[in-house]
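Here's the structure, in structure tokens; my notes come after.
Lettering follows sequence order; numbering is per chain, from 1.
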Amino acid sequence: MSSIKTYFTRQILQWHSEHFRPMPWKGEKDPYKIWLSEIMLQQTRVAQGMPYYQKFLKRFPDVYVLANASMDEVMKQWEGLGYYSRARHLHASAKLIVKHFDGHLPASYKELIRLPGIGPYTASAIASFAYGIPSAVVDGNVHRILSRYFAINKLIDNSKNKQLFTALANQLIDRQQAAAYNQAIMDFGADVCLAKNPNCKSCILEKHCQAYRSNTVNHLPPPRKRIKKRNRFFHYLIIINEGKTFIRKRTEQDIWKNLWEFPMIETTELKSFKSILAHKLINECLPVQQFELIKQSRIYKQQLTHQNINAVFYMIKSNNQIARAWQPVDSKSILNFAFPGIIHSFLSEKTLHLLN
DNA sequence: AAAACGGGGAG
DNA sequence: CTCCCAGTTTT
């Protein structure tokens, strides 16, 4: 193992020295910034997270500013990035770091992983990048590279396999250059050992890659299990009363928790406005016969990992205030709230003249 | 152990 | 259209 290890590790580091990809958080010393970048990049492509990282840092330059901000402000900065529990956990961790660690991120894997939103990957990433601790990251890139190089035909879908890849990665890491090694292997996965159409021709590991030698590169790692999608139909009520409309925060265990929305009626298929009038939410939001349907939108669609969302927006003129549970907003203040992508795209097309 | 959780880009 | 991305939490 040790000669294989030195070869693999040396090649990866050698490659990295010649193919450095500059990114704002590379070589970063501030653990706060490293932490933020790692949370933002969970299941998120670098190019997608980049603008959010810059914007977020401008608004919350250090852990104290973040800890003192409101949840809604944090969500607003996260709006559109997805996996919103990351923002909630980031905020919660900021408060814990201020309260228990004097505003400094803890400098050990063991303490890091206890913070909300920090799992095995992120704890290793912060430990190595911020503190030089030799803890190997195992992300999608590392899993794929090791699966191919050692021809390990296993997914990381249970703790045993997870442990297998983690142990292997920790044998391969260069303990004197932990940060560089972790950076290098992930960059290598992003640039050369791609999930689809890997660039084996220019690969410096080709000679000893078990998958390449057995012509199984395209079968490793094995395909994941299919996920079944369900279709959901959201009927949003844009109730307009004296230049204001009404929203609330989603708090139930469902998608988009802590984002805001209009009064909404969900059905198992697309319904007409007339048929949703029977729903009990109507009684809460609209006075009997004291409203008028101005118009309805086209069908907005959004694909999520486990769901297909279909939404219709009904613009309704009403003569009465609605229940206090709903927050009135005008066309200006509505921009301060964080909405799901499907509502945001509706608003970006309609909002400005909607309420006047 | 399995399912849930967003959104976007590449092929 | 499918797959997957610097994964974690909840069930």
Under 3.5 Å, is there a donor on one side chain and an acceptor on the other for [X] and [Y]?
X      : Y      : value
A/R232 : A/Q307 : yes
A/W326 : A/E284 : yes
A/N310 : A/K301 : yes

Outermost DNA chain B nucleotides near chain A [under 4.0 Å, heavy atoms] =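 Boundary nucleotides touching chain A, in 5' to 3' order, are B/dA1 to B/dG11.
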Nearest nucleotide by nearest heavy atom, which residue falls closer to the 5' end of DNA chain C, A/P222 or A/P120?
->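 So the residue in question is A/P222.
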Short side-chain N/O contact to C/dG7 OP1/OP2 from A/Q42, under 4.0 Å =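 For A/Q42, the contact criterion (side-chain N or O under 4.0 Å from OP1 or OP2 of C/dG7) is not met.
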Between A/R224 and C/dC5, is there a side-chain N or O to OP1/OP2 distance below 4.0 Å?
->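 Yes, such a contact exists.
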I need the [atom1]-[atom2] distance between [X] and [N], as an integer number of Å.
X      : N     : atom1 : atom2 : result
A/N182 : C/dA6 : CG    : C1'   : 10 Å
A/H306 : C/dT2 : NE2   : C1'   : 15 Å
A/L115 : C/dT8 : CG    : C1'   : 13 Å
A/R144 : C/dC4 : CZ    : C1'   : 9 Å
A/Q303 : C/dC1 : CD    : P     : 6 Å
A/N218 : C/dC4 : CG    : P     : 11 Å
A/N197 : C/dC3 : CG    : C1'   : 12 Å
A/W35  : C/dG7 : CH2   : C1'   : 16 Å

Looking only at atom types and distance, does a side-chain atom of A/K229 sit under 3.5 Å from a main-chain N or O of A/H306, one as donor and one as acceptor?
->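 Answer holds: no.
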Nearest-nucleotide wise, let me know which of A/N158 and A/T305 is further upstream toward the 5' end of DNA chain B.
->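 Checking each residue's closest nucleotide, the 5'-ward one belongs to A/N158.
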Hey, which of these two, A/K228 or A/L259, hits DNA chain B nearer its 5' end, going by closest nucleotide?
->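 Comparing both residues, the 5'-ward one is A/K228.
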Treat each ILVMFWY residue as a node, draw an edge where side-chain heavy atoms are under 4.5 Å apart, and state whether A/I334 and A/I240 are in one component.
->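 Linked within one cluster.
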Atom P, compared across C/dA6 and B/dA3: separation rounded to whole Å |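 That atom pair is separated by 25 Å.
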When rounded to the nearest Å, what value does the distance between P atoms of B/dG6 and C/dT10 take?
->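 Straight-line distance between the two P atoms is 13 Å.
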Do A/Y236 and A/Y314 make the cut of ring centroids closer than 6.0 angstrom?
->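 Between A/Y236 and A/Y314, the centre distance exceeds or equals 6.0 Å.
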Minimum heavy-atom distance between A/L335 and A/K76, given as atom pair plus value |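 Answer, listing the atom of A/L335 first, then A/K76: O-NZ, 2.8 Å.
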